Number of protein chains: 2
Amino acid sequence: MPPKTPPVDDPFAIPADTLGMDPAEMRRLGHKVVDMVIDRLERRNSEPVLVTGSAPALAEQLGGPLPESPQDPDASLELMAEIAFGHMQHGDHPRYFARVPGPAAFASTLGEWMGTGFNAINASWGGASGPATVETTVCSWVAEMLGLPAHSEGVLLSGGSMANFTGFCVARTEIGAGVAYLTDQTHASLPRNLRQMGLDADEIRILPSDDGLRMCPDSLVAAIEQDIAAGRRPMMVVATAGSTNTGATDPLDAIADICAARGLWLHVDGAYGAPAAITSQGRATLAGLARADSVVLDPHKWFFQPYDMGLCLVTRPGALERCFAMNPEYLRDVQATSGEVNYGNRSLELTRRARAMKLWMSLRTYGAPAFRDAVQRGIELAEFTESHLRSQPDTWDIITPAQLGIVCFALKGADAADHAARAARVTQSGFATLSSTMLKDRSALRLCTINPLTTEGDVTRTLEMLAQG
Amino acid sequence: MPPKTPPVDDPFAIPADTLGMDPAEMRRLGHKVVDMVIDRLERRNSEPVLVTGSAPALAEQLGGPLPESPQDPDASLELMAEIAFGHMQHGDHPRYFARVPGPAAFASTLGEWMGTGFNAINASWGGASGPATVETTVCSWVAEMLGLPAHSEGVLLSGGSMANFTGFCVARTEIGAGVAYLTDQTHASLPRNLRQMGLDADEIRILPSDDGLRMCPDSLVAAIEQDIAAGRRPMMVVATAGSTNTGATDPLDAIADICAARGLWLHVDGAYGAPAAITSQGRATLAGLARADSVVLDPHKWFFQPYDMGLCLVTRPGALERCFAMNPEYLRDVQATSGEVNYGNRSLELTRRARAMKLWMSLRTYGAPAFRDAVQRGIELAEFTESHLRSQPDTWDIITPAQLGIVCFALKGADAADHAARAARVTQSGFATLSSTMLKDRSALRLCTINPLTTEGDVTRTLEMLAQG
C-alpha cells in the first residue's frame with residue numbers, strides 16, 4: 001500500500017476522522033497510546049499484580065454524568081491507565097499465578113491494533129476475503145501444531161465459554177439431541193452453556209471424578225448404559241484437557257474408544273491445557289486429543305495472545321456450517337469450489353472483528369519454535385515449583401502434582417480460611433497473586449505458571465511469603 | 001500513573017515482552033502501526049470501497065506453511081495492510097452504502113488500543129473492578145441517551161446476533177419457555193439464535209409483515225390466541241427498531257400494550273436503528289422503545305465504534321444475573337450492597353476483553369452532542385437521497401421511503417438481475433458500494449447512509465453511476 005497523495009482539488013476528499021478529530025492530533029494521541037502501553041510493560045516490576053477497587057470510589061472517578069461537552073483526551077487516556085487499568089488483574093505479570101494468567105506477547109498486540117485501526121470485520125467472504133483467509137490460515141497452523149487432522153476447521157470466539165458452546169451446538173446438530181456427560185472438574189461455564197442450549201437437568205450428567213480428579217471410563221460407561229436403559233439418548237462426552245483446578249487431563253484415548261463404539265461426539269475442553277500438545281511432553285499427556293470431534297483452546301492463555309480469543313476446532317469437515325449456516329444451499333456450492341468461508345456461518349456470531357490478525361502476526365514474528373519453548377518453560381516451572389515444595393516437607397503438602405503448568409499444595413495444618421487469608425495477603429502486598437481452591441473437600445493453594453517470564457526466584461519468594469503468612 | 005524508574009539492580013526486573021522482543025523495537029513497530037492506520041484514514045478517497053479476492057491467490061499470499069522461523073514484522077504489517085485489509089469491505093468509507101456501514105471514529109480506536117495494550121479483561125469484579133465500572137458507566141450513558149429507564153442494566157457482546165441471543169435467554173428465564181413471535185423482516189440471525197437455544201419449529205412464529213414491512217398488531221394477537229388455543233405457551237415478541245432491509249420500525253407502543261396485557265416479554269432488536277432514539281426525530285419514530293424488557297443495539301454501527309460491539313440492555317433489574325449467574329447466591333449479596341458487577345455472569349461469555357473502553361473514550365472525547373448530530377446527519381442524508389430520487393421520476397421508483405438512514409428504490413424497468421449487475425459494477429469501479437435486496441418479491445436497490453462524512457455529492461454521483469449502468 002504505497003502512500004498516495006490525493007489531488008488537492010479532489011471533490012471527493014475525505015476527512016481523516018468520522019467525528020472530526022484533526023489528523024495531527026490523531027497521530028499524536030495514537031503515538032501516546034503506544035508509549036503508555038510500552039512504558040507500562042517496561043516497569044511492570046513496580047506494579048501491583050492485582051488491585052481491586054471499591055465500587056463507589058471507582059464510579060466517582062470513571063463514571064459521572066453523560067459528557068455533554070468534549071473532554072480532554074489526554075486526561076481520559078491517563079485516567080484509563082491509572083484508574084481503570086490500575087484496578088484490575090495484570091494477567092501478563094510474571095507473578096500473576098492466579099486462575100489462568102494472560103501472558104500476552106507484543107507482536108499479537110500489534111496485530112490486534114492493526115485490525116481495530118483498519119476496522120476489519122470477518123463475517124462474510126464477500127466483505128472480508130482477506131481477513132477470512134487469515135482466520136483459515138491460523139486455524140490450520142494451530143491444528144497442525146496440536147497434531148489434529150489436516151482437514152480440521154475452526155472458528156475464533158471470545159473465549160472458552162463461547163468456544164465450548166459452539167462445539168456443543170455442533171455436536172447436537174451432528175448427533176441429535178440427548179445427554180451430555182461431564183465431570184465435577186469440568187469448567188463451571190459448561191453446564192451453563194448446556195442449560196442455555198435448552199438441555200433439561202436430566203440431560204446434563206455430572207460424573208464424580210476419580211482420585212486423580214479425572215474422568216473415570218468405567219463410571220462413564222455405567223452412566224451411558226443407565227441412561228439408555230432409562231430411555232434417554234446419549235449425545236456427547238465432554239472431556240477436559242488440563243482442568244482449571246489442577247491441570248489434570250481426562251484419559252482421552254479411553255474416552256475416545258467409548259465414544260467411537262457408541263457413536264457419541266467427543267468434545268475436548270482444552271481451553272487451558274490443549275496448547276501443551278505443541279510440546280512433546282504435553283503431546284504425550286494429551287494422547288488421544290487428535291481423535292476428538294471438537295477441541296477448544298484459548299489462545300489468550302497459553303498461546304500468548306491478548307484478550308479475547310477462544311478457538312473451536314472441529315475435525316468433521318462441514319460440521320460447523322451444517323450447524324450455523326443461515327443459507328446452507330448457497331454455501332455448499334461455495335465450499336465445494338474453492339475453500340471460501342463465510343465465518344458468520346460458523347458460530348452464533350455474525351458480526352465478528354478480525355480476531356485472527358493477532359495470532360497470525362505473532363506466529364509469523366516469533367516463529368512456531370518460540371511458542372513451543374515458551375509452553376515447555378511453563379510446564380517446567382510448575383515442575384520446579386513442585387520439587388521446591390517437596391524439598392520443604394515440614395512446611396508443605398503436595399495435593400496434586402505439577403500437571404501442564406499447575407500445581408496444588410497445602411500449608412501443613414492450614415485450613416481453607418487460613419489458605420485464603422495467606423493468598424489474600426500476598427495479593428495485597430502487590431508482589432504476586434495466586435488462587436486458593438477446594439479439591440474434593442480439601443483446601444489447597446494453587447500456582448499456575450504459564451508465563452515464560454516467571455523466574456524461579458519469583459516462585460520461591462512467593463512461597464516464602466505464603467509460609468510467613 | 002507517573003513513570004517510575006526501577007532500581008537497576010532489581011532482582012525482579014521484568015523484560016518488556018513475553019516472547020523477547022526488544023523494547024525499542026516494540027516502540028518503533030507500535031508507532032509504525034499508528035502511522036499506517038492514520039495514513040490510510042487520510043487517503044481513503046483513493047481506496048476502493050470494497051474488494052473481494054480469490055481464495056487460492058489470498059491463501060498463497062497470506063497462508064502458506066507454519067512459520068518455523070521468525071519473519072520480518074515490518075513485512076508482515078505491510079502484507080496485512082495491503083493484502084488482508086486490501087481485500088475486504090471498508091465499512092468506514094463514506095461511500096460504503098451496503099448492508100450497514102461501520103463509520104468508526106478515531107477516539108474509539110484509541111480506547112480499544114489501550115484495552116488491548118494493557119491486556120484488560122472484564123470477567124469478574126475481583127479481577128476487573130476498573131473495567132467493570134467503565135462498562136456499567138457506558139451502559140448507563142447509552143440507556144440515558146436512548147431514553148430507557150435509569151435502572152436498565154447492560155452487557156456488551158460482539159454484535160447484534162450475540163446481544164439478541166443474550167436477551168432471548170433472559171426472556172426465557174424470566175417468562176418460562178414458550179413461543180417467540182417475529183416477522184419476515186426480522187434479521188436472519190434471530191431464528192438461528194432461537195433454534196440453537198433449543199426451541200422447536202412450532203415455537204418460532206414468523207409473522208408476515210404489513211405493506212409497510214412492519215409487524216401487524218392484529219396478526220400478532222391472532223397468532224398468540226391461536227397458539228394458546230393449541231395448548232402452546234407464548235413467551236416473547238421480538239420487535240424490530242430499524243430493520244436491516246428498509247429501516248422500518250415495528251409499532252412498538254401497540255406491541256408493548258399486547259405484551260403487557262398478556263405477560264409476554266418484549267424484546268426490541270434495534271441493532272441497526274435503536275441509536276436513532278438519541279435524536280428527537282428518531283425518538284418519535286421509536287416511540288414505545290422505553291417500554292421494552294430488553295433492547296439490543298450495535299454501537300459498531302450508529303455509535304461510531306470499531307468492530308466489534310453489540311449491547312444488550314435489560315430494563316428489569318437483576319434479570320441478566322438471574323439468567324447467567326453461575327453463583328447466584330453469592331451474587332445476590334454483592335448486587336445488594338454496592339453495585340459491584342461480575343460481568344461474566346451477564347452472558348454466556350466468561351472471558352471478555354474490556355470492550356467498553358472504546359465507547360467510554362469516544363463519548364468523553366467528542367461529547368454526546370457530537371453523536372446526536374452525527375446520527376441526525378445520517379437520517380437527513382437518506383431523506384436527501386429520497387428527495388433526489390423523486391426529482392428524477394422518469395428514472396427511479398421509491399420502494400420504501402427514507403427511514404432511519406435507509407432508502408430502497410428501483411430503476412424503472414429493471415429486474416433483480418439488472419439491479420444486482422448495476423450494484424456490482426459500481427462496486428467494481430471502486431467508487432462506492434451498495435446492496436440490492438428483495439422486498440416482498442420486488443427487487444430493490446438500497447442505500448444506507450449513516451456515515452456522517454458522506455456528502456450529497458457522494459450520493460448523487462453513485463446514483464448517476466447506477467443509472468448509467
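Each chain gets a letter, A, B and so on, in the order the sequences are listed, and its residues count up from 1. Since we're looking at a predicted model, the values are computed, not measured.
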Side chain to side chain contact (heavy atoms under 4.5 Å, CB included) evaluation trace for A/Gln196 with B/Arg172: CA-CA 9 Å; A/Gln196 298 300 346; B/Arg172 179 167 61 183; 4.1 Å; yes
Under 4.5 Å from any heavy atom of chain A, what part of [X] do you find: side chain, backbone, both or neither?
X: B/Pro65; value: backbone
X: B/Phe324; value: both
X: B/Phe304; value: side chain
X: B/Thr18; value: both
X: B/Met357; value: both
X: B/Thr136; value: neither
X: B/Leu77; value: both

Do [X] and [Y] come within less than 4.5 Å of each other through their side chains, counting heavy atoms only?
X: A/Arg192; Y: B/Leu350; result: yes
X: A/Phe371; Y: B/Leu19; result: yes
X: B/Thr109; Y: A/Trp113; result: no
X: A/Thr351; Y: B/His300; result: yes
X: A/Phe12; Y: B/Pro94; result: no
X: A/Glu68; Y: B/Pro369; result: yes
X: A/Met326; Y: B/Ser189; result: yes
X: B/Leu41; Y: A/Asp17; result: no

Verdict with reasoning, B/Asn119 to A/Phe85, per side chain to side chain contact (heavy atoms under 4.5 Å, CB included): CA-CA 9 Å; B/Asn119 203 21; A/Phe85 301 150; over 6 Å; no
Going from [atom1] on [X] to [atom2] on [Y], what distance comes out if it is rounded to the nearest 0.5 angstrom?
X: B/Ser158; Y: A/Arg353; atom1: OG; atom2: CZ; result: 9.0 Å
X: A/Met162; Y: B/Leu348; atom1: CE; atom2: CG; result: 5.5 Å
X: B/Met36; Y: A/Phe118; atom1: CE; atom2: CZ; result: 5.5 Å
X: A/Ser76; Y: B/Met361; atom1: OG; atom2: CE; result: 5.0 Å
X: B/Phe106; Y: A/Met26; atom1: CZ; atom2: CE; result: 5.0 Å

Residues A/Thr116, B/Lys358; criterion side chain to side chain contact (heavy atoms under 4.5 Å, CB included); working and verdict: CA-CA 11 Å; A/Thr116 302; B/Lys358 54 187 172 186; 6.0 Å; no
Using a 4.5 angstrom heavy-atom cutoff, name the option from [options] with the most pairs to chain A.
options: B/Ser124, B/Gly63, B/Gly159; result: B/Gly63
options: B/Ala132, B/Ser347, B/Ser54; result: B/Ser347
options: B/Met21, B/Met88, B/Glu144; result: B/Met88
options: B/Arg95, B/Arg352, B/Arg99, B/His90; result: B/Arg95
options: B/Thr137, B/Val51, B/Thr365, B/Asn122; result: B/Thr365

Pair A/Leu453, B/Ile14 - check side chain to side chain contact (heavy atoms under 4.5 Å, CB included), show working. CA-CA 7 Å; A/Leu453 296 181; B/Ile14 303 170; 4.1 Å; yes
Any side-chain donor paired with an acceptor under 3.5 Å for A/Ser161 and B/Glu349?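 There is no such pair between these side chains.
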Heavy-atom distance under 4.5 Å to chain B: side chain of A/Tyr366, backbone, both or neither?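 Both parts, backbone and side chain.
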Output, in order, the C-alpha distance, side-chain angles, deciding distance and verdict of side-chain hydrogen bond (donor to acceptor under 3.5 Å, both in side chains) for A/Asn45 and B/Asp10. CA-CA 9 Å; A/Asn45 52 345; B/Asp10 184 346; 2.8 Å; yes
Please verify the inter-ring angle class for B/His31 with A/His31; under 30° counts as parallel, over 60° as perpendicular, anything in between as tilted.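 Rings of B/His31 and A/His31: parallel, as their planes differ by under 30°.
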Under 3.5 Å, side chain of A/Thr52 to main-chain N/O of B/Gly126, donor-acceptor pair present?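 Indeed, once roles are kept as given, a pair shorter than 3.5 Å links the two residues.
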For the aromatic rings, using the six-membered ring if either is Trp, is the centroid distance between A/Phe165 and B/Phe165 under 6.0 Å?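 Under 6.0 Å, so yes.
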Check this for me, if you would: do B/Arg27 and A/Asp35 make a salt bridge, where the nitrogen-to-carboxylate-oxygen distance has to be below 4.0 angstrom?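 Salt bridge: yes.
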